[in-house]
Amino acid sequence: MAVKQTAGRDTLGEFAPKFAQLNDDVLFGEVWSREQALSLRDRSLVTITCLMAQGLVDSSFQYHLMTAKQNGITRTEIAEILTHAAFYAGWPKAWAAFRMAKDVWAEPEAVNAKEEHQRSMIFPIGQPNDAFAKFFVGQSYLAPLSTSQVGIFNVTFEPGCRNNWHIHHAKSGGGQILICISGRGYYQEWGKEAQELHPGDVVNIPVGVKHWHGAACDSWFSHLALEVPAVEGSNEWLEAVDEETYSKLK
C-alpha cells in the first residue's frame with residue numbers, strides 16, 4: 001500500500017498550498033495508490049527511469065531510489081535498469097544515477113537465511129530430516145555427530161518448524177538433553193508454559209514427560225540432541241502442536 005505523503009505540505013504548505021495539495025493528495029494519494037492498475041514496484045521503475053532521463057539526480061531522485069528498494073527492486077535489478085536506460089537517456093546521466101544508487105543499495109543482498117544460520121554455528125546443518133518428517137510441522141534437518149557410546153545429533157528447524165508432542169520412554173535411564181547452539185526456539189512440557197530457548201541454554205528432558213521443541217516463528221533454531229543411554233528406550237510420537245498454541249508464542 002502506498003505511504004501517505006506529506007512532503008508537499010511540510011515543505012511548501014504555506015508558500016504554495018495548492019502545489020502541496022496536488023503533490024500529496026493527487027500524485028501520491030491518487031496516482032501512486034492505484035496499485036490495481038500498476039504495482040508500486042513498477043511505478044518506482046517508471047519514476048526513476050524518467051527522472052534519470054531528465055538528469056534530475058537530486059534529493060528527489062534519491063528518495064525515489066529508496067522507495068524503489070522498499071518496493072522490491074533489488075540491487076541486481078537497479079543496476080540492470082540503469083544500464084538499459086543509459087542507452088536512451090545518456091551515458092553521463094547514467095553515471096550520475098549509479099553514484100547515488102550505489103549509496104542506496106550499499107549493503108549486499110541478504111544472504112540465504114540457511115547459509116547465514118550455518119555460519120552462526122560450528123556444527124553442520126545436515127540433510128533434510130525426511131525419516132521423521134511426519135512427526136514435524138515444517139522443515140527440519142539432521143546432522144549425526146556421534147552414533148556410538150552416546151548419540152549426539154544436531155537438529156535444525158526452519159522458522160516455524162517444530163516437532164509433535166512426544167514422550168521418551170525407558171525401563172531405566174533414558175530421556176534426552178538439548179543443548180541450544182544457534183537461533184531462537186521453544187521447549188514446552190504438557191501443562192506448563194513454553195520456555196524460550198537461546199544459544200547456551202540446556203534442557204533436561206526426563207522419561208515420561210510429554211513435550212515438544214522447535215523454532216520460533218521468525219528464527220532458525222538449532223540444538224544438539226543427546227540421547228541418554230536407556231534400557232528398552234523408545235519414543236512415543238503424539239499429536240502436532242496446534243496452531244493456536246504455537247501462534248501465541250512471540
Side-chain angles (χ1 to χ4, degrees), residues 1-13 19-20 22-122 124-125 138-139 141 156-161 182-184 199 215-222 250:
M1 180 166 55
V3 176
K4 181 176 176 58
Q5 181 63 265
T6 63
R9 289 184 173 88
D10 293 343
T11 306
L12 297 171
F19 180 90
L22 291 171
N23 181 85
D24 295 351
D25 299 343
V26 179
L27 174 58
F28 288 96
E30 296 181 17
V31 177
W32 272 84
S33 65
R34 294 173 59 213
E35 296 176 54
Q36 73 280 4
L38 195 65
S39 70
L40 290 177
R41 179 188 180 283
D42 290 345
R43 289 184 186 279
S44 285
L45 192 159
V46 172
T47 303
I48 59 180
T49 303
C50 290
L51 292 175
M52 171 188 157
Q54 298 177 72
L56 298 177
V57 286
D58 54 5
S59 59
S60 174
F61 185 68
Q62 183 180 42
Y63 167 81
H64 282 290
L65 287 176
M66 294 171 64
T67 301
K69 184 178 180 181
Q70 294 170 359
N71 289 338
I73 293 181
T74 67
R75 179 188 177 99
T76 301
E77 289 172 332
I78 191 62
E80 188 64 21
I81 291 166
L82 297 181
T83 299
H84 184 88
F87 287 90
Y88 297 90
W91 219 249
K93 293 175 182 177
W95 269 108
F98 269 120
R99 291 190 185 97
M100 193 167 287
K102 279 186 65 178
D103 290 337
V104 174
W105 276 269
E107 293 299 322
E109 290 294 311
V111 296
N112 180 278
K114 182 180 177 182
E115 294 176 356
E116 185 175 2
H117 185 72
Q118 176 63 85
R119 288 199 295 269
S120 72
M121 60 183 177
I122 61 175
I125 286 178
Q139 181 65 59
Y141 301 83
T156 295
F157 305 78
E158 290 188 352
C161 177
S182 182
R184 186 171 69 93
C217 64
D218 59 353
S219 174
W220 284 71
F221 177 62
S222 291
K250 303 300 183 181

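Shown here are the side chain to side chain contact (heavy atoms under 4.5 Å, CB included) partners of Ala215, two or more places apart in sequence or in another chain: Phe157, Phe221. Looking at residues two or more places apart in sequence or on another chain, you find no side chain to side chain donor-acceptor pair (under 3.5 Å) involving Thr49. Partners of Tyr88 under the ring pair (Phe, Tyr, Trp, His ring centres under 6.0 Å) rule, at least two apart in sequence or in another chain, are His84. Residues passing the salt bridge (charged side-chain N to carboxylate O under 4.0 Å, His left out) test with Glu77 are Arg41, sequence neighbours excluded. Shown here are the side chain to side chain donor-acceptor pair (under 3.5 Å) partners of Gln139, two or more places apart in sequence or in another chain: there are none. In terms of the side chain to side chain contact (heavy atoms under 4.5 Å, CB included) criterion, residue partners of Pro124 (sequence neighbours excluded) are, by chain and number, Gln118, Ala143, Leu145. By the side chain to side chain donor-acceptor pair (under 3.5 Å) test, Ser44 is found to be paired with Asn71, residues two or more places apart in sequence or in another chain being considered. Residues forming a side chain to side chain contact (heavy atoms under 4.5 Å, CB included) with Glu80 (at least two apart in sequence, or on another chain): none.
A distance of 9.5 Å separates OG of Ser60 from CG of Leu65, quoted to the nearest 0.5 Å. Note that CZ of Arg119 is 11.5 Å distant from OG of Ser182, once rounded to the nearest 0.5 Å. Here CG of Leu40 is found 12.5 Å from CG of Leu45. Values are rounded to the nearest 0.5 Å. Rounding to the nearest 0.5 angstrom, the gap separating the CD1 atom in Ile48 from the CG atom in Leu82 is 6.0 Å. Annotation: the span from Gln62 atom CD to Arg99 atom CZ amounts to 14.5 Å, rounded to 0.5 Å.
The two residues Thr156 and Trp220 have their closest heavy-atom pair at CG2-CE3, 3.7 Å. Between Met52 and Ala89 the shortest heavy-atom distance is CE-CB, 4.1 Å. The two atoms that bring Ser222 and Met121 nearest to each other are OG-CE, 3.4 Å, heavy atoms only. Here the closest non-hydrogen pair linking Trp105 and Thr74 is NE1-C, 3.5 Å. Between Thr83 and Phe98, the shortest heavy-atom distance links the atoms OG1-CZ, 3.5 Å. The two residues Val57 and Met100 make their nearest non-hydrogen contact at O-CE, 3.4 Å.
Between the side chain of Lys93 and the main chain of Ala53, a donor-acceptor pair closer than 3.5 Å is present. Of the possible polar contacts, one joining the Ser219 side chain to the Arg184 backbone as a donor-acceptor pair under 3.5 Å is found.
For the pair Thr47 and Thr67, the minimum side-chain heavy-atom distance is 4.5 Å or more.
The salt bridge (Lys or Arg N to Asp or Glu O under 4.0 Å) pairs that include a residue from residues 42-66 number zero, where partners must be two or more places apart or lie in different chains.
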